[in-house]
Amino acid sequence: LQPAPSMGVLHGLGVAVLMSPIKFGWMLQPDIKSAFEAAPIDAAVAIVVGAQDPARDRGEKMLEYFDASKRTFHEHSRGHQPLPSDREEKLALTKELTDFICAHV
């Protein structure tokens, strides 16, 4: 993922899975931040958060940075961790994410 300053857009990202994200720290850099503000990222994104995660709302807010037609939000039963502890829930979530990735590559 690299900014193209002359075009004001980001290139090189086709699909992303953000698990238990808090915030894009690199977005605070002025040259990169302006690229995000110009237009939504044209990439498929799945954002995964825990229902008990205190930063859950921040993960949900990150959806705004991506094209609305290519984004999905997944919530598991735990807190701030990438995957739930329960084996069955973990398997179901990883299948959903795998299907999402395969549909967008």
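Computed from heavy atoms alone, side chains included, the values below leave out hydrogens, waters and symmetry copies.
Residues satisfying the side chain to side chain donor-acceptor pair (under 3.5 Å) criterion with E60, sequence neighbours excluded, are R56. For the side chain to side chain contact (heavy atoms under 4.5 Å, CB included) test, residues two or more places apart in sequence or in another chain that qualify with T72 are A46, H74, F100.
Here CG of D42 is found 11.0 Å from CZ of F66. Values are rounded to the nearest 0.5 Å. Atom-to-atom distance recorded for E75:CD and Q52:CD is 9.5 Å, nearest 0.5 angstrom. Note that NE2 of H76 is 7.5 Å distant from CG of D53, once rounded to the nearest 0.5 Å. The CD1 atom of I41 sits 10.5 Å away from the CG atom of D67 when rounded to the nearest 0.5 Å.
When all heavy atoms of P21 and G59 are compared, the pair lying nearest together is CG-CA, 3.9 Å. The two residues R71 and L63 come nearest to each other via the heavy atoms NH1-O, 2.7 Å. Annotation for L93 and P84: closest pair CD2-CD, 3.8 Å, computed over non-hydrogen atoms.
Looking only at side-chain heavy atoms (C-beta outward), I101 and V17 come within less than 4.5 Å of each other. The closest side-chain heavy-atom distance from M19 to L97 is below 4.5 Å. Taking 4.5 Å as the limit, every side-chain heavy atom of V45 sits out of range of all side-chain heavy atoms of V15. Side-chain contact check for S20 versus V48: every heavy-atom pair is 4.5 Å or farther apart.
D57 has no carboxylate O lying under 4.0 Å from a charged side-chain N of K61, or vice versa, which leaves the two without a salt bridge.
Annotation: salt bridge (charged side-chain N to carboxylate O under 4.0 Å, His left out) contacts involving residues 78-92, sequence neighbours excluded, are absent.
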